[in-house]
Amino acid sequence: MNKKFLVAIGIVSLSFIIWSLIPSDDKELLINSEKPETPQKVIFQVPNQPLPILSQTKSRFSAQTIAKLKILDEIFATKNDNDGRLDTEFNDISPELRQALIESYKAMPKERLNERGTVIFLLGKKLENESDLDFFQDVIAEAPCLSLTDCSTDSTVEIPGEAHLAEAQETTLIYPQLMSLRLISSSYVASENQVMKERMAEFFKLAQQSPSEYIAEEANRIIDESGIKVEL
Amino acid sequence: MPKHVNNIQSTIQFRPKVIKDIGSLNSKLGGPMRSILMLLSLTVSFNAFSALIFTPQVPAAVKQQVLDDLKLIGSVKALGTTPLHKQIFGDVSGVNYTKFFEARMNKVGMGCGAGNAVACVKPFQSNTTMFLTENYIKFSHPAIARLMVVFHEARHGEAQSGNWSHAICPTPFLDDNGKEIKSIWTGASLAGEDACDNSPFGSYGSSTIMLKNISKFCTNCNQKMKLDADIYAQDQLKRISNKTAKQQMVVDFQAKKR
């Protein structure tokens with residue numbers, strides 16, 4: 001047999017072998033033409049858009065503050081929670097930047113729970129004044145987010161027998177509040193300022209009274225764990 | 001694709017053996033047949049070592065987010081591991097997390113029904129396919145929460161372990177303070193639902209252990225990610241309904257760095 005014939009047999013055999021190795025459902029996909037999917041309506045925008053604060057604040061805040069907000073916006077756009085700049089670029093938050101971050105938080109759609117939690121994380125890095133705690137009290141007093149698609153509406157589709165698929169969702173609904181609880185408790189333990197400690201204890205008392213049972217229970221757990229002295 | 005998976009550490013043993021066998025056959029045959037068999041071995045090895053396969057239904061944005069998330073977890077470095085983590089995953093490391101995932105899942109598809117699910121597996125259909133939904137990118141979950149879900153579901157792919165089916169949450173289902181554990185947003189009791197684990201090694205248990213270890217020992221995670229890991233681990237711990245199992249995990253989490 002000549003070489004060309006053998007090569008031809010080899011190519012045909014190889015094609016057959018490759019075809020047989022493809023899983024059957026993928027073969028169907030290759031055979032049948034796919035219609036492009038109609039994009040579903042998204043209730044809030046994926047974070048490719050700038051934070052609302054940036055478009056409104058250019059004339060109000062200094063260049064340094066705007067630069068920090070831009071860093072945060074870049075981090076949100078990449079969805080990279082592990083960006084090292086969250087640990088390095090926001091360690092000395094000026095009063096102006098603090099104000100800008102608070103305004104940014106309030107301007108964000110409530111459904112942007114991770115982004116709101118991230119802003120809380122940054123604001124909680126260094127709590128020096130009693131007024132720094134006002135924002136956190138507002139956070140813990142917020143109306144609960146009722147669903148991940150629309151905080152104002154309980155649009156949960158409950159499917160019998162699929163409670164286990166609710167993993168993570170329940171925690172994310174109150175993620176900003178959980179982040180607040182953790183940060184204030186860390187600050188309480190680290191603080192030597194009695195006035196600040198008393199204010200932080202007040203924060204936890206407010207959390208204990210949350211309409212969300214889960215937030216109240218988590219507050220109780222942290223109070224016990226951290227030895228926070230809450231007045232009865 | 002056949003896999004050899006055990007409960008302690010999952011590795012893919014199929015691939016090197018196939019290549020070795022083909023190699024020995026190859027040496028006994030002459031010219032053109034050797035070429036064909038070499039091409040065959042490359043084809044098999046390509047399939048065996050191929051990256052995660054995404055079905056055409058997976059939107060580009062979902063695919064990119066999954067790949068980014070897997071790259072994130074695959075980059076984890078750590079100094080320290082708790083004993084339970086070592087049993088399930090090995091040492092805390094991105095390499096081990098990647099191995100764990102790739103030993104169980106080789107394909108990503110779309111569709112988990114009409115609910116709020118982010119990801120699921122359907123053992124009746126495939127033990128090696130992770131199904132996602134648009135919620136994977138629509139919902140504003142922290143990255144660690146998405147990874148927790150993905151690894152939770154990957155654990156369900158272990159057919160030889162009964163897919164680590166969930167335990168029925170007890171009735172009543174009470175927390176450590178004697179209060180009933182309910183779904184946060186529906187307010188419905190979880191008692192009687194198959195939404196608990198009675199072992200540290202199930203899907204809730206293993207993902208909780210993974211997150212706790214990341215929180216404790218990750219050396220290249222920023223503070224937010226470590227805090228997130230602890231927040232979500234604390235929530236998942238509630239789903240361990242067996243008191244002995246839960247206590248075993250609590251003790252495990254107190255392990256110091258090695």
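Residue numbering restarts at 1 for every chain, and letters A, B, ... go by the order of the sequence lines. As the structure is a computational prediction, the values presented were derived from the model and not from experiment.
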Which atoms of B/Lys71 are under 4.5 Å from chain A, going by heavy atoms: the side chain, the backbone, both sets, or neither?
neither
When rounded to the nearest 0.5 angstrom, what distance separates CZ in A/Arg221 from NZ in B/Lys238?
7.0 Å
Starting from the C-alpha separation in whole Å, work towards a yes-or-no answer on side-chain contact (heavy atoms from CB on, under 4.5 Å) for B/Ser140 and A/Glu115.
CA-CA 8 Å; B/Ser140 180; A/Glu115 288 85 350; 2.8 Å; yes
If you tally heavy-atom pairs under 4.5 Å between each of A/Asn80, A/Asp87, A/Asp81, A/Asn82 and chain B, the highest tally belongs to A/Asn82
Given the options B/Asp230, B/Ile144, B/Asp68, which has more heavy-atom pairs under 4.5 Å with chain A than any of the others?
B/Asp230
Can you tell me which portion of A/Arg85 sits under 4.5 Å from chain B's heavy atoms? Options are side chain, backbone, both or neither.
neither
side-chain contact (heavy atoms from CB on, under 4.5 Å) between B/Phe139 and A/Leu113, intermediate numbers included
CA-CA 8 Å; B/Phe139 292 165; A/Leu113 293 153; over 6 Å; no
What's the spacing between B/Ile231 CD1 and A/Glu218 CD if we round to 0.5 Å?
8.0 Å
Nearest 0.5 Å, please: how far is OG1 in A/Thr149 from CD in B/Glu134?
13.5 Å
Residue from B/Ser126, B/Gly192, B/Cys221, B/Ala145 scoring the most non-hydrogen pairs under 4.5 Å with chain A is B/Cys221
Heavy-atom count around A/Lys125 NZ within 6.0 Å, excluding the residue itself: above 12?
yes
Between A/Leu183 and chain B, which part of the residue has a heavy atom less than 4.5 Å away: side chain, backbone, both or neither?
side chain
Quick one: pull up CG in B/Asp235 and OH in A/Tyr175 and give me the separation to the nearest 0.5 Å.
13.5 Å
Given a strict heavy-atom distance threshold of 4.5 Å, which part of B/Asn135 is in contact with chain A: side chain, backbone, both, or neither?
neither
Give, as side chain, backbone, both or neither, the part of A/Thr118 having an atom under 4.5 angstrom from any heavy atom of chain B.
both
Show your reasoning for whether side-chain contact (heavy atoms from CB on, under 4.5 Å) applies to A/Lys79 and B/Ile137.
CA-CA 10 Å; A/Lys79 284 189 168 181; B/Ile137 53 170; 4.1 Å; yes
Need one label for B/Leu72: side chain, backbone, both or neither, based on atoms under 4.5 Å from any heavy atom in chain A.
side chain
Among B/Met225, B/Lys224, B/Gln223, which one satisfies side chain to side chain contact (heavy atoms under 4.5 Å, CB included) with A/Leu86?
B/Lys224
Does a sphere of radius 6.0 Å around NZ in B/Lys122 hold more than 12 heavy atoms from other residues, nucleotides or ligands, not counting ones at 6.0 Å or beyond?
yes
Begin from the C-alpha positions of A/Met179 and B/Asp228 and carry the test side-chain contact (heavy atoms from CB on, under 4.5 Å) through to its verdict.
CA-CA 8 Å; A/Met179 179 61 82; B/Asp228 286 348; 3.5 Å; yes
